[in-house]
Amino acid sequence: MNIILLGAPGAGKGTQAEKICERLSIPTISTGNIIREALKSGTEMGLKAKSFMDAGQLVPDEVVIGIIKERLANDDCKNGFILDGFPRTIPQAEALDNMGVVIDKVIDIEVPDERIIGRMSGRRVCESCGASYHLEYKKPEVDGVCNACAGALVQRKDDHPDTVKARLDVYHKETEPLKEYYAKQNKLAIVEGQEEIADTTALVFAQLEA
Ligand code: ADP
Ligand code: ZN
């Protein structure tokens, strides 16, 4: 099954991607994580992306489309994949269609802006492996330490409140039109993000089985 997760930054796409990945044994492809990795390794692409990312703006379409093309060609995508954070613009969605990639389902996780702004301040990520946590909703076993790799948990620069507002503006302007795009293809399923992660996951699975 080829799945797209849509939703505002902080709506919980990454967390739900992990659950689907466990259940269906298909990889999650997160453009955000790929770009952060490139940044950490100091590649040219990473350096180019940095200023956009830090400002809460989207990285140019051609850069992320290139990343996705390369990643989807990988063997582990043969039995399906979860796209987390791609596409984020109409041209990106069109590029995916033009690659001949067939998407089975697009799950849109809806969370009101006010709740997102509140949540983002508690978000932490592992400096080493990129796993994500939340001070309230998804605590690590040991404060400040990654469960998976014992790396240090830090706040992303773009999770600071002003940048979060900019990212939400970008989301409403550039990404939200994708709902209509996929509704027209009869692929859109809407899930209301719940207070408890497990409750959202149940709704997501129900949509995948529908
Ligand atoms: P979130 O979903 O929480 O916003 P991500 O980790 O998915 O965070 O993305 C972080 C940043 O990476 C974005 O603000 C943007 O700068 C860049 N990025 C990730 N995916 C894309 C994409 N598909 N198109 C353009 N920029 C992207
Ligand atoms: Zn880690």
Show me the side-chain donor-acceptor pairs of residues 103-112 shorter than 3.5 Å, one per line, residues at least two apart or across chains.
from: D104; atom 1: OD2; to: N2; atom 2: N; distance (Å): 2.7
from: K105; atom 1: NZ; to: Q207; atom 2: O; distance (Å): 2.9
from: K105; atom 1: NZ; to: A210; atom 2: O; distance (Å): 3.3
from: E110; atom 1: OE2; to: K179; atom 2: NZ; distance (Å): 2.6

Tightest non-hydrogen contact, residues R71 and P27, listed as NH2-CB, 4.1 Å
E136 vs R119, side-chain contact (heavy atoms from CB on, under 4.5 Å): CA-CA, chis, key distance, verdict: CA-CA 9 Å; E136 263 174 79; R119 269 195 205 180; over 6 Å; no
Note: L153 and P140 closest approach over all heavy atoms is CD1-CG, 3.5 Å
Using the rule that two of Ile, Leu, Val, Met, Phe, Trp, Tyr join whenever any of their side-chain heavy atoms come within less than 4.5 Å, decide whether M120 and L135 are in one cluster. no
**Asked** Do I34 and V59 sit in the same hydrophobic cluster, where Ile, Leu, Val, Met, Phe, Trp and Tyr count as joined when their side-chain heavy atoms come under 4.5 Å apart?
**Response** yes
(Q) Using the rule that Ile, Leu, Val, Met, Phe, Trp and Tyr join whenever any side-chain heavy atoms are under 4.5 Å apart, tell me whether V63 and F52 fall into a single cluster. (A) yes
Residue pairs meeting ring-ring contact (aromatic ring centres under 6.0 Å, His included), one or both in residues 177-205, sequence neighbours left out, come to none
So side-chain hydrogen bond (donor to acceptor under 3.5 Å, both in side chains) across residues 190-205, not counting sequence neighbours, yields Q16-T201
Rounded to the nearest 0.5 Å, the CD1 atom of I26 sits from the CG atom of D76 at a distance of 10.5 Å
For L47, the hydrophobic cluster (side chain heavy atoms closer than 4.5 Å, chained through members) also holds none
Between C129 and C126, the two heavy atoms sitting closest are N-SG, 3.2 Å
The ring-ring contact (aromatic ring centres under 6.0 Å, His included) partners of Y137 (sequence neighbours excluded) come to H134
Rounded to the nearest 0.5 Å, the CD1 atom of I116 sits from the OG atom of S121 at a distance of 12.5 Å
L39 and M53 have their tightest heavy-atom pair at CD1-SD, 4.2 Å
CZ of R36 to CD of E127, rounded to nearest 0.5 Å, is 13.0 Å
Requested in this report: Go through the steps for V204 and L208 under the test side-chain contact (heavy atoms from CB on, under 4.5 Å), then give the verdict.
Outcome: CA-CA 6 Å; V204 168; L208 290 178; 4.3 Å; yes
Minimal heavy-atom distance between E141 and N147, with the atoms involved, is N-OD1, 2.8 Å
Residue set satisfying salt bridge (charged side-chain N to carboxylate O under 4.0 Å, His left out) with K69, at least two apart, ordered chain then number -> none
### Task
Tell me, yes or no, whether the heavy-atom count around D54 atom CG, taken from other residues, nucleotides or ligands under 6.0 Å, exceeds 12.
yes
- Do K184 and E180 sit within salt-bridge range, that is, some charged N less than 4.0 Å from a carboxylate O? yes
Residue set satisfying salt bridge (charged side-chain N to carboxylate O under 4.0 Å, His left out) with K139, at least two apart, ordered chain then number -> none
Between the CD1 atom in I29 and the CD1 atom in I3, the distance rounded to the nearest 0.5 Å is 11.0 Å
Assigning hydrophobic clusters by single linkage (Ile, Leu, Val, Met, Phe, Trp, Tyr; side-chain heavy-atom cutoff under 4.5 Å), is L178 placed with L188? yes
For residues 80-96, which side-chain N or O atoms pair as donor and acceptor with protein atoms under 3.5 Å away, sequence neighbours left out?
from: R88; atom 1: NH1; to: G85; atom 2: O; distance (Å): 3.2
from: T89; atom 1: OG1; to: D61; atom 2: OD1; distance (Å): 3.0
from: T89; atom 1: OG1; to: Q92; atom 2: N; distance (Å): 3.2
from: Q92; atom 1: OE1; to: R88; atom 2: N; distance (Å): 2.8
from: Q92; atom 1: NE2; to: D61; atom 2: OD1; distance (Å): 2.8

Residue pairs meeting side-chain hydrogen bond (donor to acceptor under 3.5 Å, both in side chains), one or both in residues 23-32, sequence neighbours left out, come to R23-E209
Just do the side-chain contact (heavy atoms from CB on, under 4.5 Å) check on S132 and K138 with the steps written out, would you? CA-CA 8 Å; S132 66; K138 200 184 166 200; 4.2 Å; yes
query: Honestly curious: do M1 and M99 fall in one hydrophobic cluster under the side-chain, below-4.5 Å linking rule?
result: no
Return a table of donor-acceptor pairs under 3.5 angstrom between the side chains of residues 161-169 and protein atoms on other chains or two or more places apart.
from: R167; atom 1: NH1; to: D158; atom 2: O; distance (Å): 2.5
from: R167; atom 1: NH1; to: D159; atom 2: OD1; distance (Å): 2.9

*Donor-acceptor contact present, side-chain K40 to main-chain G46, <3.5 Å*: no
**Asked** So, K13 side chain and A8 main chain: donor-acceptor pair closer than 3.5 Å or not?
**Response** yes
Across all chains, not counting sequence neighbours, the side chain to side chain donor-acceptor pair (under 3.5 Å) partners of Q185 are D97, K187
Residues joined to V145 in its hydrophobic cluster, side chain to side chain under 4.5 Å directly or through other members, sorted by chain and number, are V142
Derivation and outcome, side-chain contact (heavy atoms from CB on, under 4.5 Å), residues Q155 and R123 | CA-CA 7 Å; Q155 183 173 41; R123 189 154 89 160; over 6 Å; no
Distance col, row K48:NZ vs I35:CD1, nearest 0.5 angstrom, shows 11.5 Å
Interatomic distance, CE@M45 vs NZ@K50, rounded to 0.5 Å, equals 14.5 Å
